[in-house]
> 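The structure's right below; bear with me while I get my questions together.
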Amino acid sequence: ETACGDLDPRTISPEDLLALRTLVAQRVSESEAHRLIKVWRALWKKMAAMGYCAREADPSLTFSNGAPAPRQAVWTAAEVRLLVRGAWKTGYRGLAAVMAVSWDTQLSPVDVRRLTLAQMRREEAGALFLVARAKTGRPAIATLTRRSERILRAYLGGLGFDLLSDAPIFRTRGRAESHADGGRPWAPRPYTKDKLATDFAAIREEVFGKAERRTLADFRRSGVVEATAGGAGAEQISAKMANTLSASNRLHRTYAPAETATVRQVDEARRAGRAKIANKDRTKVS
């Protein structure tokens, strides 16, 4: 909107778009710059259909829009335990619970932020959340280990107030007293996308230093690496993550809905894979 929202599309040059793409790549990320041009190209077709421009005259077609290389970063279980411990000790208990739940469930950060007590269930094998994922709309059975369940319940017990069943569970640490800098006290509030990212970055730096750049979203990939190493198949992992990882996406969605038993098989595979990965790391060191 700021760059060219009030212009006749026929007056926008390739140089204008390339400059905008470069700016987004520098200020945000290469992946967002790539997405910018993808959205522009789709919008141009809509504008052409409405007679605002010629379909074949899209100025963005004069330069390439290569997709960035996919992320490969992963965390280990030991590193995640350090992050959770560091967050808990420094008062970021909501963040500690977010990380513990994210690691076990392999839900995306946006789906974890939206979890409520109404979605939580307790079974003999452990607690879980029943979730309709924000991105795909597919149902997910988000299982927790006993350890993560204890962290979650300790966090809830320390809030100092009762959550409504449909209220977001995970909240910032808040501030109990006024500070000398003039800041006023505030109650813990639900995590937003930006606040979760900044709090995670603060704990990451505290535990691993400024050079560390891995993100909370990399937890999902790390879980897949563990599960694959432990022998889980694509269909099982797809059921666990409630996405379309398996090859036959439409058939899998129709005939193999996520079931708790299947999801817990992936949890077992992750434990087996975690042991293999840890053993490989120890062998390299020795």
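Only heavy atoms go into these numbers, but all of them, side chains included; no hydrogens, no water, no symmetry mates.
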> Evaluate the side chain to side chain contact (heavy atoms under 4.5 Å, CB included) criterion for residues F63 and I37: first the C-alpha distance (whole Å), next the side-chain angles of each, then the deciding distance (0.1 Å), finally the verdict.
CA-CA 10 Å; F63 56 86; I37 300 303; 4.1 Å; yes
> Which atom pair, heavy atoms only, marks the closest approach of S148 to A100?
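Between these two residues, the closest heavy atoms are OG-O, 3.3 Å.
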> Are V80 and V74 linked, directly or through intermediate hydrophobic residues, by side-chain heavy-atom contacts shorter than 4.5 Å (ILVMFWY only)?
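Per the 4.5 Å side-chain linkage, V74 and V80 are not co-clustered.
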> Taking it one step at a time, do Y52 and D8 satisfy side-chain hydrogen bond (donor to acceptor under 3.5 Å, both in side chains)?
CA-CA 8 Å; Y52 291 120; D8 184 330; over 6 Å; no
> Could you tell me whether E149 and R153 make a salt bridge, using a distance below 4.0 angstrom between a side-chain N and a carboxylate O?
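Judged by the 4.0 Å cut-off on N to carboxylate O distance, E149 and R153 do form a salt bridge.
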> Taking it one step at a time, do S102 and L107 satisfy side chain to side chain contact (heavy atoms under 4.5 Å, CB included)?
CA-CA 6 Å; S102 296; L107 291 173; over 6 Å; no
> Quick test of your reading of the model: are E32 and R21 salt-bridged, counting only N-O distances below 4.0 Å?
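Answer for the salt bridge query: no.
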> Is a side-chain N or O of R221 found less than 3.5 angstrom from the main chain of A73, in a donor-acceptor match?
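Between the backbone of A73 and the side chain of R221 there is a qualifying donor-acceptor contact (under 3.5 Å).
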> Please report the interatomic distance CD1(I141) to CD(E123), rounded to the nearest 0.5 Å.
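The distance works out to 8.0 Å.
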> Which residues satisfy the side chain to side chain donor-acceptor pair (under 3.5 Å) test with T76, sequence neighbours excluded?
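T76: side chain to side chain donor-acceptor pair (under 3.5 Å) contacts with E79.
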> Say whether, by atom type as modelled, one donor and one acceptor occur between the side chain of D199 and the main chain of L196 under 3.5 angstrom.
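Not at all, since once roles are kept as given, no pair shorter than 3.5 Å links the two residues.
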> Please give me the minimum heavy-atom distance between A33 and N65, naming the atom from each residue.
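So the minimum-distance heavy-atom pair works out to O-OD1, 4.2 Å.
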> Would you say L117 and V131 are hydrophobically clustered, going by side-chain heavy atoms of ILVMFWY under 4.5 Å?
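Same cluster.
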> With R270 as the cation and W103 as the aromatic partner, state whether NZ or CZ is under 6.0 Å from the six-membered ring centre and within 45° of the axis.
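Ring-cation test returns yes.
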> Donor-acceptor pair, R173 side chain versus P188 backbone, under 3.5 Å?
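Such a contact is absent between R173 side chain and P188 backbone.
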> With rounding to the nearest 0.5 angstrom, report the CD1 to CG distance, I12 to L17.
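These two atoms lie 6.5 Å from each other.
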> T228 side chain to V225 main-chain N or O, any donor-acceptor pair under 3.5 Å?
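Such a contact is absent between T228 side chain and V225 backbone.
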> Show the numbers, then the answer: is there a side chain to side chain contact (heavy atoms under 4.5 Å, CB included) between K276 and N279?
CA-CA 5 Å; K276 288 183 180 180; N279 184 59; 5.7 Å; no
> I need the minimum non-hydrogen distance between A97 and I151, along with the two atoms involved.
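Smallest interatomic distance, heavy atoms only, reads CA-CG2, 4.0 Å.
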> Can you tell me which residue among T143, T145, T105 is in a side-chain hydrogen bond (donor to acceptor under 3.5 Å, both in side chains) with D267?
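Among T143, T145, T105, the one meeting side-chain hydrogen bond (donor to acceptor under 3.5 Å, both in side chains) with D267 is T143.
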> Please check if atom CD in E206 has more than 12 non-hydrogen atoms from other residues, nucleotides or ligands closer than 6.0 Å.
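No - once you tally the heavy atoms of other residues, nucleotides and ligands closer than 6.0 Å, there are 12 at most.
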> Mark yes or no for whether T172, through its side chain, and R189, through its backbone, hold a donor-acceptor pair below 3.5 Å.
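Yes, because the side chain of T172 sits within donor-acceptor range (under 3.5 Å) of the backbone of R189.
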> Output side-chain donor-acceptor pairs under 3.5 Å for residues 154-168, partner residues at least two apart or in another chain, one line each.
unit_1 : atom_1 : unit_2 : atom_2 : d
Y155   : OH     : I169   : O      : 2.7
Y155   : OH     : R171   : N      : 2.9

> Give the cluster check for M47 versus L61: same hydrophobic cluster or not, with ILVMFWY residues linked at side-chain heavy-atom distances below 4.5 Å.
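Different clusters: M47 never reaches L61 through Ile, Leu, Val, Met, Phe, Trp or Tyr contacts under 4.5 Å.
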> Working to the nearest 0.5 angstrom, can you tell me the gap between L144 CG and R122 CZ?
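Result: 9.5 Å between the selected atoms.
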> Between atom CG of L216 and atom CD1 of I203, what is the distance when rounded to the nearest 0.5 Å?
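Here the rounded value is 12.5 Å.
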> Is W75 reaching over with its side chain to a backbone N or O of G223, donor-acceptor style, under 3.5 angstrom?
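Between the backbone of G223 and the side chain of W75 there is no qualifying donor-acceptor contact (under 3.5 Å).
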> Are E226 and R274 ion-paired here, with the side-chain N under 4.0 Å from a carboxylate O?
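Salt bridge flag = yes for R274 with E226.
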> I need the minimum non-hydrogen distance between L152 and M120, along with the two atoms involved.
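Of all heavy-atom pairs spanning L152 and M120, the closest is CD2-CE, 3.7 Å.
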> Among the clusters formed by ILVMFWY side chains lying less than 4.5 Å apart, do V28 and L18 turn up in the same one?
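Yes, V28 connects to L18 through the hydrophobic network.
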> For residues S31 and P68, determine if any side-chain heavy atom of one lies less than 4.5 Å from a side-chain heavy atom of the other.
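The answer is yes; the side chains approach within 4.5 Å.
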> Just by distance, do the side chain of D218 and the backbone of T215 share a donor-acceptor pair under 3.5 Å?
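Here the side-chain-to-backbone pair exists.
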> What's the shortest heavy-atom distance between L83 and F219, and which atoms?
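Reported closest heavy-atom pair: CD1-CZ, 4.3 Å.
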> Taking all heavy atoms of L115 and all of Q119, pick out the closest pair and write down the distance.
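Minimum heavy-atom contact is CA-OE1, 3.2 Å.
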> Decide if atom CZ of R214 counts as having more than 12 heavy atoms of other residues, nucleotides or ligands within a radius under 6.0 Å.
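Yes, the 6.0 Å shell around CZ holds more than 12 heavy atoms from other groups.
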> Test of understanding: clusters of I, L, V, M, F, W, Y form through side-chain heavy atoms closer than 4.5 Å, transitively. Do V24 and V39 belong to the same one?
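V24 and V39: separate clusters.
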> Sorted by first residue and then second, give each ring-ring contact (aromatic ring centres under 6.0 Å, His included) pair with at least one member in residues 14-41; sequence neighbours left out.
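Every pair satisfying ring-ring contact (aromatic ring centres under 6.0 Å, His included) with a residue in residues 14-41: W40-W44.
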> Any donor-acceptor pair under 3.5 Å linking the side chain of R121 with the backbone of A118?
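Yes; judged by distance alone, with no hydrogens or angles, the pair exists.
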> Heavy-atom count around R55 CZ within 6.0 Å, excluding the residue itself: above 12?
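It does not: R55 CZ has 12 such atoms or fewer within range.
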> Assess the residue pair Y191 and L95 against the criterion (side chain to side chain contact (heavy atoms under 4.5 Å, CB included)); give the C-alpha distance rounded to whole Å, side-chain angles, the decisive distance to 0.1 Å, and a yes or no.
CA-CA 9 Å; Y191 262 115; L95 176 61; 3.5 Å; yes
> Distance alone, cut at 3.5 Å: any donor-acceptor contact between the side chains of R41 and S60?
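The criterion, which ignores hydrogens and geometry beyond distance, is satisfied for S60 and R41.
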> Quick check: do T116 and F129 have side-chain heavy atoms less than 4.5 Å from each other?
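Answer no - side chains too far apart.
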